[in-house]
Amino acid sequence: MNRRNFLITTGAAMAAAAVPPSLLSCSSAPRTVAKTGKLTLTFEPYELQLRHAFNLARYSRTTTPDVQVKLEFDGITGYGEASMPPYLGESVESVTKFLSSLDLAQFNDPFRVEDILAYVDSVADGNRAAKASVDIALHDLLGKIMGQPWYKIWGLDPAKTPVTSFTIGIDTEEVVRQKVEEARPYKLIKVKMGLDKDRETIDIIKEMMPDVPICVDVNQGWDNKEKALEMCHWLQERGCVFVEQPFDKTWIDETAWLTERSPLPIIADEAFQRLPDIVRFKGVYSGINIKLMKSTGLHEAYKMITLARALDMKVMIGCMTETSCAVSAAANLSPLVDFADLDGNLLIANDRFTGMTVVDGKITLRDLPGIGAELL
Ligand code: MG
């Protein structure tokens, strides 16, 4: 029996034995599921409502467009999601158009992950969040067929998950103080920077939580390399552990200059999206922030982690504002990374999933088949 047949055979048995009926999208009473042998993709727009206005160096917003995805095979449902912060160029319209163009019914074996995702990737360039939604739903579906969560399928130790940061945006002193109160359970505070109030914001946080390490995300907001280096030293003295995307993503030489001199790791975010981007960043950045909505999902994100490690780069896993569906999916990879910024689900008021949780600041994975998220 080859591996694929083994997984299918074993998976079918495990699904019958181990998957809670609720995950099979059916009532608690056993029922016979019609076997179609086809992958069926459905999707619907779902606007994420943010708890606080999200203020970055370059824009502000109160909602995030999102599309929720279902992928069904023989009565088992995998869930996925595309979240589209406007600066990445995708929209409900573009995601809907892309997903409508897919013909997944041509695949009668959901375990052909390489073939299925290569097909999805080939249909059109870009559309990274749309592609991620299919990848996440496919992983959820396969994990449910096998009756195992992905961190186990990948052989990862759930005890090795990192702490996750809690993000504090650029805001008035009053709002910053309120957000620091919300951040008390966390063991790492991520501060958005890039405007005139950077040092004041850090001073407030260090006054309220003197012992908690911070990291900063400049979102391309700095425009002077000497001042940036001075700021990196100032931040190091205040317990900062890394600086994310200090300059405009096109400032390659300036970033390499800073990375060479900075006492803190310099992490790429907006500057890169997918696997091939990583090789040219060796020496420019100290590490990368992988997000499923950029990487086209878990399959490529896993390869990105492997490549970054081979290049001796640091790895962070982050997210957009997303429901617990995509955030829980990403959390399965977190035992492999140095830093995690998986608070996107906590920033929205209308999460429709439960999934990974943050306990005492640390990512806590759930022993649920698939990506580890359950529809509420
Ligand atoms: Mg960032």
Side-chain angles (χ1 to χ4, degrees), residues 48 50 52-61 64 83-90 128-129 132 162-171 179 183 186 188-195 198 201-202 205 213-223 228 231-232 235 240-252 255 258-259 262 264-274 277-278 281 284-295 301 304-305 308 313-322 326-327 330-331 333-334 337-348 363:
L48 306 178
L50 308 189
H52 299 285
F54 200 55
N55 303 320
L56 302 181
R58 295 186 172 193
Y59 68 92
S60 174
R61 68 174 196 270
T64 301
S83 169
M84 291 86 68
Y87 69 93
L88 287 177
E90 286 179 80
R128 289 179 294 270
V163 299
T164 186
S165 53
F166 182 90
T167 301
I168 295 183
I170 297 167
D171 228 310
K179 288 185 184 170
Y186 292 83
L188 179 63
I189 304 297
K190 181 169 179 175
V191 190
K192 294 289 189 181
M193 290 206 145
L195 294 182
D198 287 353
T201 302
I202 298 290
I205 295 166
I214 56 170
C215 52
V216 306
D217 188 355
V218 190
N219 291 111
Q220 312 182 72
W222 290 346
D223 57 7
M231 194 64 174
C232 287
L235 287 165
C240 184
V241 293
F242 67 81
V243 172
E244 190 178 327
Q245 200 62 57
F247 302 132
D248 188 282
K249 61 186 178 184
T250 63
W251 282 31
I252 302 297
T255 305
L258 181 65
T259 297
S262 168
L264 300 174
I266 305 296
I267 307 289
D269 185 2
E270 287 89 335
F272 93 105
Q273 313 284 347
R274 299 192 57 180
D277 299 330
I278 296 174
F281 282 158
V284 178
Y285 291 89
S286 324
I288 53 169
N289 183 356
I290 297 171
K291 296 175 180 174
L292 299 188
M293 297 301 144
K294 298 193 302 180
S295 73
M304 291 165 87
I305 294 172
M313 295 176 82
K314 295 203 175 296
V315 179
M316 172 176 176
I317 190 141
C319 61
M320 307 299 178
T321 42
E322 300 162 354
V327 170
L333 288 166
S334 68
V337 307
D338 301 295
F339 309 112
D341 180 24
L342 293 177
D343 64 351
N345 55 332
L346 304 174
L347 303 177
I348 63 171
I363 291 172

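Read the numbers this way: they start at 1 and go in the same order the structure lists the ligands and their atoms.
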**Asked** Taking Glu244 for the side chain and Ile267 for the main chain, is one N or O donor matched with an acceptor at less than 3.5 Å?
**Response** no
Q. Any N/O/S of Glu270 under 2.8 Å from the Mg ion (ligand 1)?
A. no
Answer key: the N, O or S atom of Asp269 nearest to the Mg ion (ligand 1) is OD2
Rounding to 0.5 Å, atoms CD (Gln273) and OG (Ser295) come to a distance of 10.0 Å
For Glu244, the N, O or S atom at the shortest distance from the Mg ion (ligand 1) is OE2
Among N, O or S atoms, Asp217 approaches the Mg ion (ligand 1) most closely through OD2
query = Within the stated cut-off of 2.8 Å, is an N/O/S atom of Asp341 closer than that to the Mg ion (ligand 1)?
reply = no
- Do any N or O atoms from the side chain of Ser165 and from the backbone of Leu188 form a donor-acceptor pair under 3.5 angstrom? no
field: Pair Thr167, Asp343: side-chain N/O donor-acceptor within cut-off below 3.5 Å
entry: yes
Next item on the list: Please check if the side chain of Glu322 supplies one atom and the backbone of Gly344 the other of a donor-acceptor pair under 3.5 Å.
Entry: no
